[in-house]
Protein chains: 2
Amino acid sequence: MLDGQDMAAVYVERWNAAATAGPAAPCPVRNVLDKIGDKWSMLLVMTLAAGPKRFNELHREVPDISQKMLTQTLRDLQRDGYVGRQVFDTKPPSVEYRLTPLGQSLIVPFGQLIEWANRSFDKIDAARADYDARD
Amino acid sequence: MLDGQDMAAVYVERWNAAATAGPAAPCPVRNVLDKIGDKWSMLLVMTLAAGPKRFNELHREVPDISQKMLTQTLRDLQRDGYVGRQVFDTKPPSVEYRLTPLGQSLIVPFGQLIEWANRSFDKIDAARADYDARD
DNA sequence: GGTGAAGATTACCTTGAGGTAAGTGCATGC
DNA sequence: GCATGCACTTACCTCAAGGTAATCTTCACC
């Protein structure tokens, strides 16, 4: 297990390597961070963590997402191998989405981050109030 | 320690709580995710993990960032309590940025994510090639 | 008196993520 | 025959993140 400094070095190094290699060779870290940073990917992954769901079922559980973004985010997650899509030949055809093993494995480190966020939010909030109080 | 399902439940629940409470009550997770997802915050945090640095020193180590974004990202990180800013009364005045204990504590869960990303990129890449091969 | 470094700030512009709203094809229920 | 549900697709629009480039102030050096 790496410590903080080594981790930082690996990250910065990889990043710079990708930057000098041009946009054709994307940084693995940036790649994952883009998914994590976008508005819906991780919410869908976490929603699917409870088990496989169908399109409209997902839409009901995450009501704020538009159909367009639900389709698009699901496609992206599928392309990257985080979720699998299975069409059942019923009438009307139904489609089921479920996490792949890769998608499930993301939940572990992402979960650590969630825990950190929940633990630390008080401090962040206090820091903000403090900062804003000094003009 | 929570397992995947519980983690998911906490995340989705918090998210929904924040959504129904309106934009006035932001989700702690989204809050942290926004920093992690933006283009420069985590790169600066990781660069500062190696030790305190001055403004132009940071600019030299992260050459792709514009002065504007360096200033702005540093301000945001400072406001949230991730980094501290110390002005030395030399001539010309020099300014030093360093991680706070809160900022240092972020490196742990974030580092797990970096390791996951590096470990998993081959699979993601393979999944993409596979997906793209099927039109 | 001109140049350069440090640490910014400002005005302006581009790009793309995401939202809105409408439409599609097919089937069942009333 | 009309409405409704499912799983999308398409066209259009908005807004904010981020980039570019110029400018500022203070001091030291030559």
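First the proteins, then the strands, lettered A, B, ... as listed; each starts at 1. FYI, side chains are in, hydrogens and waters are out, and symmetry mates aren't considered; it's all heavy atoms of this structure.
In this structure, A:Phe88 atom CZ and D:dC6 atom C1' are separated by 15 Å, rounded to whole Å. Between the CD atom of B:Gln67 and the C1' atom of D:dG18 there is a distance of 15 Å, given to the nearest Å. What separates NZ of B:Lys35 from P of D:dA17 is a distance of 10 Å, to the nearest Å. Atoms CG (B:Asp64) and P (D:dG18) sit 14 Å apart, rounded to a whole Å. Across the protein-nucleic acid pair, B:Lys68 atom NZ and D:dT23 atom P stand 18 Å apart, rounded to whole Å. In this structure, B:His59 atom NE2 and D:dG19 atom P are separated by 10 Å, rounded to whole Å. Spacing between atom CD of B:Gln72 and atom P of D:dT20 amounts to 14 Å, rounded to whole angstrom units. Spacing between atom CG of B:Leu70 and atom P of D:dG19 amounts to 11 Å, rounded to whole angstrom units.
The residue among A:Glu57 and B:Ile65 whose nearest nucleotide of DNA chain D lies closer to the 5′ end is A:Glu57.
Exactly one residue among A:Ile107, A:Val62, A:Leu106, A:Leu99 makes a side chain to side chain contact (heavy atoms under 4.5 Å, CB included) with A:Met46. That residue is A:Ile107. Under the side chain to side chain contact (heavy atoms under 4.5 Å, CB included) rule, A:Val45 has a single partner from A:Ile36, A:Leu77, A:Thr73, which is A:Leu77.
On the nucleic acid side, DNA chain C has its first and last nucleotide under 4.0 Å of a heavy atom of chain B at C:dA6 to C:dA11, going 5' to 3'.
A distance-only check finds a donor-acceptor pair linking the side chain of A:His59 to the backbone of A:Ile65 [under 3.5 Å]. In terms of modelled atom types and a separation under 3.5 Å, the side chain of A:Thr100 and the main chain of A:Gly81 share a donor-acceptor contact.
A salt bridge between B:Arg79 and A:Asp132 is present, with a side-chain N of the basic residue lying under 4.0 Å from a carboxylate O of the acidic one. A salt bridge links A:Glu61 and A:Lys53; the closest N-O separation between the charged side-chain nitrogens and carboxylate oxygens is under 4.0 Å.
Between A:Arg54 and D:dA7 there is a side-chain N or O to OP1 or OP2 distance below 4.0 Å.
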